[in-house]
Enquirer: 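Quick one: the structure is below, questions incoming.
Every chain is numbered from 1 and lettered A, B, ... according to where its sequence line falls, protein lines coming before strand lines. All values reported here derive from a predicted model rather than from experimental measurement.
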Number of protein chains: 2
Amino acid sequence: MSVVDAAASVFCREGYAGANIDLIAAEAGVSRQTVYNHHGDKENLFVAVVRDLTERCNAGIFATIASFPDQPTDLEADLIAFAVRMNRNCICNRDGRFLRKLIQAEGERYPELFAEWREQGPGRTWSALAARFARLAFAGHLSIGDPDVAARQFLALVNAELQITFMLGGMPTEEEVLCSATNGVRTFLSAFARKKSPAGKQAALAHA
Amino acid sequence: MSVVDAAASVFCREGYAGANIDLIAAEAGVSRQTVYNHHGDKENLFVAVVRDLTERCNAGIFATIASFPDQPTDLEADLIAFAVRMNRNCICNRDGRFLRKLIQAEGERYPELFAEWREQGPGRTWSALAARFARLAFAGHLSIGDPDVAARQFLALVNAELQITFMLGGMPTEEEVLCSATNGVRTFLSAFARKKSPAGKQAALAHA
DNA sequence: GACGAATTGGACAAGCCTGTCTAAATTTGT
DNA sequence: ACAAATTTAGACAGGCTTGTCCAATTCGTC
């Protein structure tokens with residue numbers, strides 16, 4: 001295991017203040033001196049960890065969004081499969097859980113570091129996802145007022161049943177992921193399936 | 001400010017390991033010795049903080065659930081108002097944000113302490129809310145498959161737009177709360193408004 | 001005003017952690 | 001095989017924190 005990977009694990013488990021360089025070195029299988037040679041000091045190492053996690057998470061998210069079902073054959077099944085991929089490969093995996101925890105725990109202490117993440121991560125993710133939903137709506141598969149709102153609500157719905165597990169840092173089972181995705185997508189489609197009623201009713205409030 | 005309140009603030013800001021008893025004492029306006037006289041040691045103080053937050057949060061949540069619109073006059077407006085109360089008084093307020101952060105940061109280190117919270121907090125909250133939705137469905141206002149799923153999805157939807165703010169420990173504005181609640185309730189009602197189609201389509205997967 | 005209880009400030013030991021230094025050992029490139 | 005670069009183990013100083021002790025002071029109550 002690389003030094004940065006070990007550091008990510010220890011920072012997440014113990015928090016920044018509680019993380020011990022000796023422990024990181026031991027977990028990485030190197031001497032403490034090597035950690036200092038490579039990364040200078042603790043804060044530097046922490047920044048390297050966050051950058052590494054951010055980069056890998058963003059890559060995973062965009063790879064997954066690329067698999068969005070633009071020409072669905074079975075809309076419900078395709079969206080469920082997409083939601084499961086999203087959860088499995090981006091939200092529930094090691095990098096996703098670690099990054100979330102670091103942001104929650106230390107976000108206020110490093111505003112500029114996480115502002116970067118915020119713009120390139122969720123901001124771009126939601127835009128990209130919203131664009132896909134807009135395309136589905138344009139093709140007549142959905143009836144959507146505001147694609148940005150729909151994208152956020154899609155993610156909220158397919159994760160609705162996993163919140164508690166995430167809160168305690170746990171890893172949901174494959175079955176829980178499937179269950180949450182299925183229930184979420186069904187509700188999403190109940191709300192946004194193509195209707196003949198005017199789209200005005202679904203108009204959303206502008207987002208600040 | 002009481003010692004426990006000051007400790008909650010410092011534990012949340014700095015994490016358990018980074019929290020400094022001197023700082024807690026200063027923020028509470030007492031001497032360090034008084035902190036030790038009252039609470040013994042750091043871990044004891046931490047447990048007292050979590051118990052205090054858990055208790056107050058649960059009280060707030062149940063008080064708010066008691067205001068659920070059982071006989072709505074305008075279902076959408078009443079649910080939006082309820083969602084805003086829920087967010088304002090339980091999720092976004094000081095206690096709610098602090099407790100969430102402590103659970104996320106230290107939940108794994110104190111499994112039994114937070115298991116208690118888990119059973120009495122979210123577990124009972126969701127049951128109580130699910131019962132209210134079931135009553136609305138029984139009275140013909142909604143068409144719901146599984147009330148537990150609906151309750152979780154309701155909460156997920158009305159918070160969908162606030163996730164990022166929560167992640168970074170921020171406090172959403174009144175306008176953001178209203179916006180998220182409005183968009184969430186509208187989508188919720190689009191999905192669960194009374195329909196004439198058979199309820200079977202909304203049947204949800206069993207929850208593990 | 002007087003007495004008991006609580007609070008205060010400060011000193012203090014013990015432990016832990018960071019970050020540096022050094023000399024020896026090991027790996028790497030040629 | 002040799003030389004350069006890297007890694008290692010350990011010692012070490014400096015700083016910070018926890019938790020205790022104690023004498024002086026303040027507070028609440030009668």
Enquirer: Can you tell which of C:dT8, D:dT7, C:dT18 lies closest to the side chain of B:S31?
Expert: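 Within the option list, the nearest is C:dT8.
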Enquirer: Does any N or O in the side chain of A:D78 come within less than 3.5 Å of the main-chain N or O of A:T73, such that one atom is a donor and the other an acceptor?
Expert: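 Looks like yes, one N/O pair under 3.5 Å.
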Enquirer: Rounded to whole Å, how long is the line connecting atom CG of B:N44 with atom C1' of D:dT18?
Expert: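 Result: 14 Å.
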Enquirer: Answer yes or no for B:R100 and B:F166: cation-pi contact, defined as NZ/CZ to six-membered ring centre under 6.0 Å and angle to ring axis within 45°.
Expert: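 Ring-cation test returns yes.
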Enquirer: Nearest to the side chain of B:N20 - D:dG19, D:dT8, D:dT18?
Expert: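 From the listed options, D:dT18 comes nearest.
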Enquirer: Side chain of B:Q33 only, heavy atoms from C-beta on: which candidate in D:dT18, C:dT18, D:dC21 is closest?
Expert: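 So the side chain of B:Q33 is nearest to D:dC21.
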Enquirer: Start with the C-alpha gap between A:T64 and A:S67, add the side-chain angles, then the distance that decides, and say whether side chain to side chain donor-acceptor pair (under 3.5 Å) holds.
Expert: CA-CA 5 Å; A:T64 302; A:S67 77; 5.7 Å; no
Enquirer: To the nearest Å, give me how far apart CD1 (A:I24) and P (C:dG19) are.
Expert: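 Checked: the CD1 to P distance equals 11 Å.
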Enquirer: Within the 4.0 Å heavy-atom criterion, would you say A:H39 contacts the bases, only the backbone, or no part of the nucleic acid?
Expert: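 It contacts nothing in the nucleic acid.
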Enquirer: Base, sugar-phosphate alone, or nothing: which one does B:A17 contact when heavy atoms must sit under 4.0 Å apart?
Expert: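 Nothing: the residue B:A17, judged by heavy atoms under 4.0 Å, touches no strand.
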Enquirer: If you assign B:G29 and A:I21 each to the DNA chain C nucleotide with the nearest heavy atom, which residue ends up on the more 5' nucleotide?
Expert: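 It is B:G29 whose nearest nucleotide is closer to the 5' end.
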Enquirer: Taking OH from B:Y36 and P from D:dT17, how many angstroms apart are they, rounded to a whole number?
Expert: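 Atom-to-atom, B:Y36 to D:dT17, this comes out as 11 Å.
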Enquirer: Rounded to whole Å, how long is the line connecting atom CG of B:D41 with atom C1' of C:dG15?
Expert: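 Rounding to the nearest Å, CG of B:D41 and C1' of C:dG15 are 16 Å apart.
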Enquirer: With no hydrogens and no angle check, just 3.5 Å: does a side-chain donor-acceptor pair link A:N159 and A:Q163?
Expert: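 No.
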Enquirer: Is the distance from OP1 or OP2 of D:dT6 to the nearest side-chain N or O of A:N37 less than 4.0 Å?
Expert: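 So the side-chain polar atoms of A:N37 never come under 4.0 Å of the phosphate oxygens OP1 or OP2 of D:dT6.
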Enquirer: Taking only the side-chain nitrogens and oxygens of A:T34, find out if one of them lies under 4.0 Å from OP1 or OP2 of D:dT6.
Expert: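 For A:T34, the contact criterion (side-chain N or O under 4.0 Å from OP1 or OP2 of D:dT6) is not met.
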Enquirer: In this structure, how many angstroms lie between the P atom of C:dC12 and the CG atom of B:D22, rounded?
Expert: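 Distance, rounded to whole Å: 17 Å.
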Enquirer: Within this structure, what is the CG-to-C1' distance between A:L45 and C:dG19, rounded to whole angstrom?
Expert: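 Roughly 13 Å, once rounded to whole Å.
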Enquirer: From the set C:dC21, C:dT8, D:dG10, return the single nucleotide nearest to any side-chain atom of A:R32.
Expert: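 The closest nucleotide is D:dG10.
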Enquirer: With a cut-off of less than 4.0 Å, is there a side-chain N or O of A:H38 near OP1 or OP2 of D:dT6?
Expert: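 No, no such contact exists.
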Enquirer: Counting only side-chain heavy atoms from C-beta out, which of C:dG19, D:dT8, C:dT8 sits nearest to A:K42?
Expert: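 The listed nucleotide nearest to A:K42's side chain is C:dG19.
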Enquirer: By the 4.0 Å heavy-atom rule, please label A:A19 as base, sugar-phosphate, or nothing.
Expert: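 Answer is sugar-phosphate: A:A19 comes under 4.0 Å of backbone atoms only.
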Enquirer: Report the C-alpha separation of A:F46 and A:Y110 in whole Å, then their side-chain angles, then the decisive distance to 0.1 Å, and conclude whether the ring pair (Phe, Tyr, Trp, His ring centres under 6.0 Å) test is met.
Expert: CA-CA 10 Å; A:F46 180 77; A:Y110 297 88; 5.1 Å; yes
